Amino acid sequence: MSTSPFANLPRFRPGSFWLLVAATAASAFVSDLPVARLLLLGAPFVSEPAPWQPLSAPFLFPEGQLAGLIGTGLLQWLVGSRVEARFGTARYLGLVLGAAVLGYLVLGLVGLAVPDALAVPRGGTTPVDIAAVVAFGVLFARDPLALFGVLPITARSFAGVVVALLLLGPLLRGGWPAIVPGLVAAGLALVLVRRWQKRPASGKVGPRKGGEGKRPRHLRIVDGREQYLN
């Protein structure tokens, strides 16, 4: 009986899938409209002001940058879906969207002191993807992967390479302000996922309840069971 080559691929989870759909629809239909100026993070955040921009920016790529949706689709399917399977849809979306919103908010606050940081409209799902990849690297740290089907690599190393690439692109394209949301999202995801991880049992015998924290120092032999010692 032959096995399909796609048998080991993860299933596209609903949270990751609809996140991709929302970003694709918003970017495709809104990015070239005048209203995009108010939805992307930019100068209006300070001048008008437009405090909702950190909430809307993660779903909207600036015009001319829609190719980023391809990477988002692959990462949300292959990486985000595995993290979502571990955390559940609500917690996963809370993690990646919360990290992205905080990242754009920090950039907006930086723009209060450095107006040039908001000279160019910024948005897109890159901080969302970075948060998902960081979570994947923490949760499946030592799990073996086969990069491009041939190169063995751990999940942690894979996450490090992908995060570096996701930050390098915006850095070369838009300077240091462009990587602020991604760096903040990575930091928040790292802290939260490590905190949410379930610690494995150590195998040590814990103290008895009501024993004032003391562990038994000897075995107690119950009377009437001497025959079990012979």
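From a predicted model like this one, the values you see are computed outputs, not experimental measurements.
Rounded to the nearest 0.5 angstrom, Ile130 CD1 and Leu190 CG are separated by 13.0 Å. Within the model, atoms CH2 of Trp77 and OG of Ser16 stand 12.5 Å from one another, a figure rounded to the nearest 0.5 Å. Interatomic distance, OG1 of Thr72 versus CG of Asp129, reported as 3.5 Å (0.5 Å rounding). How far OG1 of Thr126 is from CG of Leu75: 9.5 Å, rounded to the nearest 0.5 Å. To the nearest 0.5 angstrom, Thr24 atom OG1 is 9.0 Å from Leu66 atom CG.
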Below 3.5 Å, can you tabulate the donor-acceptor pairs from side chains in residues 51-63 to any protein atom, sequence neighbours excluded?
| from | atom 1 | to | atom 2 | distance (Å) |
| --- | --- | --- | --- | --- |
| Trp52 | NE1 | Leu38 | O | 2.8 |
| Gln53 | OE1 | Gly42 | N | 3.2 |
| Gln53 | OE1 | Phe45 | N | 3.4 |
| Gln53 | NE2 | Arg37 | O | 3.4 |
| Gln53 | NE2 | Leu38 | O | 3.3 |
| Gln53 | NE2 | Leu40 | O | 3.0 |
| Ser56 | OG | Leu39 | O | 2.6 |
| Ser56 | OG | Gln53 | O | 3.4 |

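Taking both residues in full, the closest heavy atoms of Val138 and Gln197 are given as O-NE2, 3.3 Å, listed atom of the first, atom of the second, then distance.
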*Test side-chain contact (heavy atoms from CB on, under 4.5 Å) on Val79 and Val162 and set out the steps.*
CA-CA 11 Å; Val79 174; Val162 173; over 6 Å; no
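Residues Val96 and Thr125 form no side-chain contact, since every pair of their non-hydrogen atoms from C-beta on lies 4.5 Å or further apart. Taking 4.5 Å as the limit, every side-chain heavy atom of Thr154 sits out of range of all side-chain heavy atoms of Asp143. No side-chain heavy atom of Gln65 sits less than 4.5 Å from a side-chain heavy atom of Ser27.
Annotation: cation-pi pair Arg156/Phe140 absent, no NZ/CZ under 6.0 Å from the ring centroid and within 45° of its normal.
Between Phe17 and Phe12, the two ring planes are perpendicular [angle over 60°; tilted spans 30° to 60°].
Judged by distance alone, the side chain of Tyr104 and the main-chain N or O of Gly124 form a donor-acceptor pair under 3.5 Å. Judged purely by atom type and a 3.5 angstrom limit, Ser81 uses its side chain to pair as donor or acceptor with the backbone of Gln76.
Residue Val110 is grouped with residue Leu171 when hydrophobic side chains (ILVMFWY) are merged at heavy-atom distances under 4.5 angstrom, including chains of intermediate members.
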